[in-house]
**Student:** 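I'd like to ask some things about the structure below.
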Amino acid sequence: MQIASKDVSAVDMVRAALDKAKKYADYNIFISLSEDAALNRAKEIDEKIAKGEKVGRLAGVPYACKDNFLSKQGATTAASKILEPLKAPLNATAIEKLEAEGAIMIGRVNLDAFAHGSSTENSYFGVTKNSTDMERVAGGSSGGSAVAVALDIVPFATGTDTGGSIRQPASFNGVYGIKPTYGTISRYGVVAMASSLDCVGFLARNTEDLNLLMEICAGQDPKDLTTLPDYYTKTEKKEPKKIGVIKDFDSDAIDPAIREVLRQKLSELKSDGYDIVDLEMPILKYALAVYYIICPAEVASNLSRYDGIRYGYRSEDAKNLDEIFGESRSDGYMKENKRRIMVGNFVLSSGFYDAYYLKAMKARTLIIQAFDDAFKKCDYILAPVSPNPAFRIGEKVNDPVAMYMEDILSVTLNLAGVPGVALPVGKTDSGLPLGLQLIGPRRSDKNLLDFAGKIGFKIDDKEGK
Ligand code: GLN
């Protein structure tokens, strides 16, 4: 990634990114652009460079911010009506760290409202179009982030991944994305979806850039008590020898093009001298059901704070306190948000708690153990991210279960807290990007990224790899 210097000015880089963002307006990537603020910051950086002052590791680099990170710049909507009027009073820790190194937010990008979804179709601001086929979805929830990077508007974008929201849109658009080990990057100042699953990460065009972003953002934050002490920058270099493949994932439910690209990659790895290890992880067949109990339970709790009183939108029709709560939430949330609040409150309610929530938590422990056991037999696991390449706009949005099935291969990592890197590996006959995910044990993120870069496509090299 290019940083500003005496030869390349931050103003030129930011202006070029803003121009491209406007040129691609039809893709509906940005919810808001902040031209003046971005150009002013760029000028400050250029002045520092001219004076010979020290600048950061991301000096003048324009980036797109997923619209669920709080920042003083722009409005933080989480792509919802209920937060549309919200002017955040603070910066998320990750934003603070990026900007301290000189990165410049050019605007805020689209997502499924509150990150609930796998296509960006649940956004209050409309769907984001796929970077290779405008009739298809960008994926989600970080759809805006993925398309902004794929169309080379910006070299990187922030993302959040609760059940696949970085990896799936990255693979639908042929870019790299990392969902770190749970707790690696602070969640402070990020609109909470499901707190025990939420991870902050990034999307970019190569793994070197992702590594730099991780070095900058990883580490303990007193404002997020689930953050881990910085292990990332202290990781010792380790090359993998054994690559696992989850046999339970190799089913007819997965698109043949994805299965084929996985088979090809594995055979390349085998001829390069890696051992390929077959893994049986039958517990994973429950992962989607477990996720769609635990995630809504936490969503119901996290979304209870938006009540029309403290933040954001308040219904004008409300005549008393109960109506303020009821009408504001009823108007302000999207259908999918409400569905999750209802399911979440149901699985937590007395009489159903033991049958659903408690059981799901027990199954989650077994899923964690299954990954721990798997990593005794192999170093990393290579797997599909989603069962299919980018689907058509409108194809699944009215069938929630079909949409949830999208997440069947991605949610397992969040339940187990392990890291995953989405890497572009090929294309379908019609040119749609195909991605895979490389999964590693907790805290292996740095070496995992390095290996993903070795086996993934080189995006900026026209020949591919
Ligand atoms: N698609 C998944 C869901 O809708 C994951 C979303 C996410 O990671 N934010 O829950």
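As the structure lists them, so they are numbered: ligands from 1, and atoms in each ligand from 1. Heads up: numbering here begins at 1 and tracks the sequence.
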**Student:** Could you find the nearest protein heavy atom to atom 7 (C) of ligand 1 and give me its residue, atom name and distance?
**Tutor:** Ser165 OG, 2.4 Å
**Student:** Is there any N or O on Tyr291 that sits under 3.5 Å from an N or O of ligand 1?
**Tutor:** yes
**Student:** Would you say Leu213 and Leu58 make side-chain contact, with heavy atoms under 4.5 Å?
**Tutor:** yes
**Student:** Should we count CG of Asp399 as having more than 12 external heavy atoms under 6.0 Å?
**Tutor:** yes
**Student:** Is atom OH of Tyr311 surrounded by more than 12 heavy atoms (other residues, nucleotides or ligands) closer than 6.0 Å?
**Tutor:** yes
**Student:** Provide, to 0.1 Å, the distance between atom 3 (C) of ligand 1 and the closest protein heavy atom, together with that atom's residue and name.
**Tutor:** Tyr292 OH, 3.2 Å
**Student:** Applying ring-ring contact (aromatic ring centres under 6.0 Å, His included), name anything that partners Phe114, two or more places apart in sequence or on another chain.
**Tutor:** Tyr306, Tyr333
**Student:** Is Asp407 in polar range of ligand 1, meaning some N or O pair under 3.5 Å apart?
**Tutor:** yes
**Student:** With heavy atoms only and a cut-off of under 4.0 Å, state how Ser141 meets ligand 1: side chain, backbone, both or neither.
**Tutor:** side chain
**Student:** Is Gly163 in polar range of ligand 1, meaning some N or O pair under 3.5 Å apart?
**Tutor:** yes
**Student:** Check this for me - ligand 1, Cys295, N or O atoms closer than 3.5 angstrom, yes or no?
**Tutor:** no
**Student:** Please enumerate all residues that pass side chain to side chain contact (heavy atoms under 4.5 Å, CB included) together with Ala37, with sequence neighbours excluded.
**Tutor:** Ser34, Gln73
**Student:** Is Ser118 in polar range of ligand 1, meaning some N or O pair under 3.5 Å apart?
**Tutor:** yes
**Student:** What do you reckon, is CZ of Arg329 surrounded by more than 12 foreign heavy atoms closer than 6.0 Å?
**Tutor:** yes
**Student:** Do any nitrogen or oxygen atoms of Ala115 come within less than 3.5 Å of a nitrogen or oxygen of ligand 1?
**Tutor:** yes
**Student:** Heavy atoms, side chains only, cut-off 4.5 Å: are Ile393 and Glu135 in contact?
**Tutor:** no
**Student:** Any atoms of ligand 1 less than 4.0 Å from a non-hydrogen atom of Gly117? List them with their elements.
**Tutor:** 1 (N), 2 (C), 3 (C), 4 (O), 6 (C)
**Student:** Is the closest heavy atom of Thr160 to ligand 1 under 4.0 Å?
**Tutor:** no
**Student:** Over 60° means perpendicular and under 30° means parallel, so tell me whether Phe202 and Phe156 are parallel, tilted or perpendicular.
**Tutor:** perpendicular
**Student:** Please determine if Thr162 has a nitrogen or oxygen closer than 3.5 Å to a nitrogen or oxygen of ligand 1.
**Tutor:** yes
**Student:** I'd like to know whether NZ of Lys335 has more than 12 heavy-atom contacts from other residues, nucleotides or ligands below 6.0 angstrom.
**Tutor:** no
**Student:** Answer side chain, backbone, both or neither: which part of Arg340 comes under 4.0 Å from ligand 1, heavy atoms only.
**Tutor:** side chain
